[in-house]
Amino acid sequence: MEIKVLGTGCANCKATMKLIEEAVAAQGLTVQVQKVEDIQDIMRYGVMSTPGVVIDGKVVHAGGVPGKDKIASWLAAAR
Amino acid sequence: MHALSVRLKRWPSSHPGFFFLLAICVWFALYQGLEPFSAAVVSWLPVTPDSRLGSALLFFFYDTPKVLLLLVGIVFVMGIVHTFVSPERTRALLSGRRLGVGNVMAASLGIVTPFCSCSAVPLFIGFLQAGVPLGVTFSFLVSAPMVNEVALALLFGMFGWKVAALYLGLGLSVAIVAGVVIGQLRMERYLEDWVRAMQNSQVGLPVGADSRSWGERIEQGFRHVHEIVGKVWPYIIGGIALGAGIHGYVPEDFMASIMGKDAPWWSVPMAVAIGVPMYTNAAGVIPIVQALLGKGAALGTVLAFMMSVIALSAPEMLILRKVLKPRLIATFAGVVAAGIVLVGYVFNAVL
């Protein structure tokens, strides 16, 4: 599984990154969480509001910090 | 016990109609109770109500709950409105609109569409990709940060509904006119090349139907209140405390000579020139606004300052530089700043 967080470096993007890393660690997974900060790369995913979350090439979330339960459900589904 | 608290927490979502009725009643009851509340608090304190300190405290204990109550109400309603207008929907509505009608729609949608200044660039490109004209996109980009719920709630709470309505109307006008001007100038060639290549590349994107229940919308309203009010309340209390503090202590005409009604003509452009590079949100600028007004500055000059702080900022220009060439950024800043200066003069003239 491959997780990417799209965001130009605002506070919400950092918070999203941290939440996902915590959830990954809590579930004992060994997944690389990547940050995509370049605006051209972000636009390639067709996301209009940041932070966005991409799992295995699919956009699962855009705009605002996702809830903990949401993150847990993505991780469970992608396992 | 636990099951009960979970059920209590969930009931607004499971009985939305009942919740709205109750919430509206409670809100109005609280609002009506503000004046007796502040009088009661001050009478309980060891000061006389007509002393300097007493009137400052009365002002503080009346204004703080009033502004916070208004803010919670407006932000909650906006949180629910946001569940109806996503950026994707707004984009679909604006796609292919002509200048004029498109600008009016874009500026109005800018008020109700969820927007964070850190998403300004992705939003900008997303709009252009879907075939929203450049001038229309700019109307959105000006109105979204400037005419926001926090600014309106604060103006309403502290200066009354007329000032709030005037701010709303004039903010919309600046956004519409600035967008039309930029559209008329046909500045597409001053977009960065990779952005130009993306223009109109995704016309007619499907927008998924929104199937959220009222329960989920209410939850979103609460989340919005938590997020916004949780962030801005210290600024508001600080601002009102400052306002209460100068209530009677600092000479009223301290600022009058350079920012008052009879100040020289250059006071409005000067306020805007100082405000443009500054970067803070509506809540952060309110303490400054309170202080300036309390010391005799004219409302139009202060509002022009406030608009320029919120609508334009140096960090935003730097982010926009990734998608716009310098000439277009300069035009954007110039047109918006000129609009704000005009608004300042109008405010000073009619009030």
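Throughout, a chain's letter reflects where its sequence line sits, starting with A, and its residues are numbered from 1.
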Is the number of heavy atoms from other residues, nucleotides or ligands within 6.0 Å of CZ (B/Arg321) greater than 12?
yes
Let me confirm one number: the CD-CD distance from B/Glu192 to A/Gln40, rounded to the nearest 0.5 Å.
9.0 Å
Scanning both residues in full, the closest heavy-atom pair of B/Pro122 with A/Val47 reads CB-O, 3.8 Å
Steps toward side-chain contact (heavy atoms from CB on, under 4.5 Å) verdict (B/Gln129, A/Met43):
CA-CA 10 Å; B/Gln129 265 182 324; A/Met43 289 320 295; 4.1 Å; yes
Side chain, backbone, both or neither: which part of B/Phe127 has a non-hydrogen atom closer than 4.5 Å to chain A?
both
Between CE on residue A/Met48 and OG1 on residue B/Thr90, distance to nearest 0.5 Å:
7.5 Å
Any side-chain heavy-atom pair of B/Phe124 and A/Ile39 under 4.5 Å
no
